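Report on the following structure.
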Protein chains: 2
Amino acid sequence: MGTTQLETVPEPKYWHLKTVLTEALDSEFSVGEILPNERDLAARFGVARATLRQALEQLELEGRLQRRRGVGTTVAPPRMGVAVGSEQHTWPGAADDAWKPTDCTLAVAPATVADLLETDRDENVHTVRRSRVSHGQPVAAELIYIPESSVPDLSAIDAPSGPARARALLRELQHLELEGQEQSVELGSVSAEDARELDRLPGAPVLVVTTRFYADARTAAVSVATYRADTCRLTFGATGGVEIHHDPERRAS
Amino acid sequence: MGTTQLETVPEPKYWHLKTVLTEALDSEFSVGEILPNERDLAARFGVARATLRQALEQLELEGRLQRRRGVGTTVAPPRMGVAVGSEQHTWPGAADDAWKPTDCTLAVAPATVADLLETDRDENVHTVRRSRVSHGQPVAAELIYIPESSVPDLSAIDAPSGPARARALLRELQHLELEGQEQSVELGSVSAEDARELDRLPGAPVLVVTTRFYADARTAAVSVATYRADTCRLTFGATGGVEIHHDPERRAS
DNA sequence: TAGTGGTCTAGACCACTGG
DNA sequence: CAGTGGTCTAGACCACTAA
């Protein structure tokens, strides 16, 4: 009757808010700029703070915003491209400065990893912990699981743990001939443990990259790497070649 | 004084809830089973519904739960592995039954895509729309952008749009020699348009796979594929070989 | 200490699904 | 139609950061 608008589906407020904010970010804000605080923003748009937050959460998920408790909300830079797969497959730790081994232990792996390794679920495996920094920011935390059978010559190493032993373990891996690797990417949320290392709160979204390394006609190692989903764009293939460089939106005053 | 617990960091309720629910899912529920509704669950745990929902949201993000409005919350099956990159790079549409072309148009591409294609931002490009189904479920929606210069021999095709023309366009692509491709994966939220196709509400998390196809020493096409993050695990490399098959948790009564 | 984002509550109403 | 999840409100308090 009186309605000229069909409005088949009334758009949720937070969704409309997100659209408005996205346009504002593209046109009126530049990278690093701080937004008004949530209470002010909510008042300005005439919504409850929780509703405003729902919009901000989505924008953070999309890598447009960065929020830090006690500080504020800032406009995020475009996601950085991070190479995780290359044409010429290599073992972790091979002349690869992006990663820094931090520690290693000998313990039972999670059941899912044990299945990939085709080892018994209660069998001890070496676990190397590494972290990756890019552009001065921590971007990933990784655990590499290596069955004892993959590195038989470990007698010369004394230290039971620590970065030195971690490096030695990875060095041992290089002796095996890598026959292939297989990777998968899925969405996850960061564990309390990795959260500190990635400088995020527990539960933040991450991209989990699982890599299976083949050598000697079996699975010689498995790596589970956890990348910050807000700041990273994982790149595969054609490393060294031309880089995909996104430019999410060119306008910026 | 009276406190024996140090409790350096009081764990948020929703985080603890998530842990409890995860354990319950592993031990007391089987795939497909429906959970009690949110109001009952919240009451049972003595928290507000919003808090309970925060935990459920995370579990859905991790692919453990599936929620449908008007129906209920069910235990999700393990994520399915979906191949998105292969050793032998091929053009889209090559003897590849996983995708179904649905439509195509000739229009200007988004600025970010135009940059990848190295075309002018106001230049018209062919846009082919495809959707991918796996195990009876829609898993991805894709847009393939093809500059007119990549498919010069399109005179024989009559239809200005529709699946037939889409297939013809992809067929034309096969004539070019593919020199390489480059992919990236990042987190996004599903557009209102793709949401219908993927059977999710707008804003649901998705994995966005951007592929750049090289031929003739330039970028001959760009594809932007949107995969459901809740149900998919993207696999790269070694297709046809042994499959990584996750088994998130073996126990199930 | 003042100000920020993060958590939490106890309601309310809406949109959708199925019988 | 009853029951489900999705949206929204108007508060409150907490944890953290920086001045």
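Chain letters run A, B, ... following the sequence lines, proteins first and then strands; every chain starts at 1. Bear in mind that the values here come from a model prediction, so they are computed numbers and not experimental data.
- The side chain of B/Arg69 sits closest to D/dG6 out of D/dG6, D/dT7, D/dT9.
- Closest to the side chain of A/Val71, out of D/dG5, D/dT17, C/dG5, is D/dT17.
- Distance, B/Glu57 CD to D/dG6 C1': 10 Å, rounded to whole Å.
- For A/Arg39, the side-chain contact (heavy atoms from CB on, under 4.5 Å) partners are A/Asn37, A/Arg49, not counting sequence neighbours.
- Under 4.0 angstrom from either OP1 or OP2 of C/dG5 there lies at least one side-chain N or O belonging to A/Thr73.
- With rounding to whole Å, A/Trp15 atom CH2 is found 10 Å from D/dT7 atom P.
- For the pair B/Val139 and B/Arg228, the minimum side-chain heavy-atom distance is 4.5 Å or more.
- Remark: B/Glu62 engages B/Lys18 in a salt bridge (Lys or Arg N to Asp or Glu O under 4.0 Å) (not counting sequence neighbours).
- Taking B/Tyr145 as the reference, nothing meets the side-chain hydrogen bond (donor to acceptor under 3.5 Å, both in side chains) condition, with sequence neighbours excluded.
- Residues B/Thr231 and B/Val82 fail the side-chain proximity criterion, which asks for heavy atoms closer than 4.5 Å.
- Contacts between residues 37-50 of chain A and DNA chain C, counted as heavy-atom distances below 4.0 Å, involve A/Asn37, A/Glu38, A/Arg39, A/Arg49.
- Distance, A/Glu11 CD to D/dG6 C1': 15 Å, rounded to whole Å.
- Helical stems in DNA chain D, defined as runs of 3 or more consecutive Watson-Crick or G-U wobble pairs with donor-acceptor distances under 3.5 Å: C:1-18 with D:1-18.
- Following rounding to the nearest Å, A/Lys13 (NZ) and C/dC14 (P) show an atom-to-atom distance of 12 Å.
- For the pair B/Gly72 and A/Tyr14, both in contact range of DNA chain D, the more 5′-proximal nearest nucleotide belongs to B/Gly72.
- Atoms CZ (B/Arg200) and P (D/dG6) sit 8 Å apart, rounded to a whole Å.
- Checked against A/Ser223 for a side chain to side chain donor-acceptor pair (under 3.5 Å), the options A/Gln183, A/Arg212, A/Glu142 give a single hit: A/Glu142.
- Proximity of B/Thr51 to the phosphate of C/dT9: a side-chain N or O atom is located under 4.0 Å from OP1 or OP2.
- In terms of modelled atom types and a separation under 3.5 Å, the side chain of A/Arg79 and the main chain of B/Leu187 share a donor-acceptor contact.
- With contacts defined as side-chain heavy-atom distances shorter than 4.5 Å, the pair A/Arg132/A/Tyr227 qualifies.
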Name each donor-acceptor pair under 3.5 Å that joins a side chain in residues 195-204 of chain B to protein atoms two or more places apart or in another chain, with its distance.
residue: B/Glu197; atom: OE1; partner: B/Arg129; partner atom: NE; Å: 3.4
residue: B/Glu197; atom: OE1; partner: B/Arg129; partner atom: NH2; Å: 3.2
residue: B/Arg200; atom: NH1; partner: B/Asp230; partner atom: OD2; Å: 2.5
residue: B/Arg200; atom: NH2; partner: B/Glu60; partner atom: OE2; Å: 3.3

Quiz prompt | Derivation of the side chain to side chain contact (heavy atoms under 4.5 Å, CB included) call for A/Ile144 and A/Leu169 | solution = CA-CA 10 Å; A/Ile144 308 173; A/Leu169 256 165; over 6 Å; no
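- B/Gln54 has its CD atom 8 Å from the C1' atom of C/dC8, to the nearest Å.
- The side chain of A/Arg68 contributes no N or O atom lying less than 4.0 Å from OP1 or OP2 of D/dC16.
- Between A/Arg53 and C/dG6 there is a side-chain polar atom (N or O) within less than 4.0 angstrom of OP1 or OP2.
- In this structure, B/Leu52 atom CG and D/dT4 atom P are separated by 13 Å, rounded to whole Å.
- Using a 4.0 Å heavy-atom distance criterion, B/Leu201 is classed as a sugar-phosphate-only contact.
- A straight line from CG of B/Leu65 to P of D/dT4 spans 16 Å, rounded to a whole angstrom.
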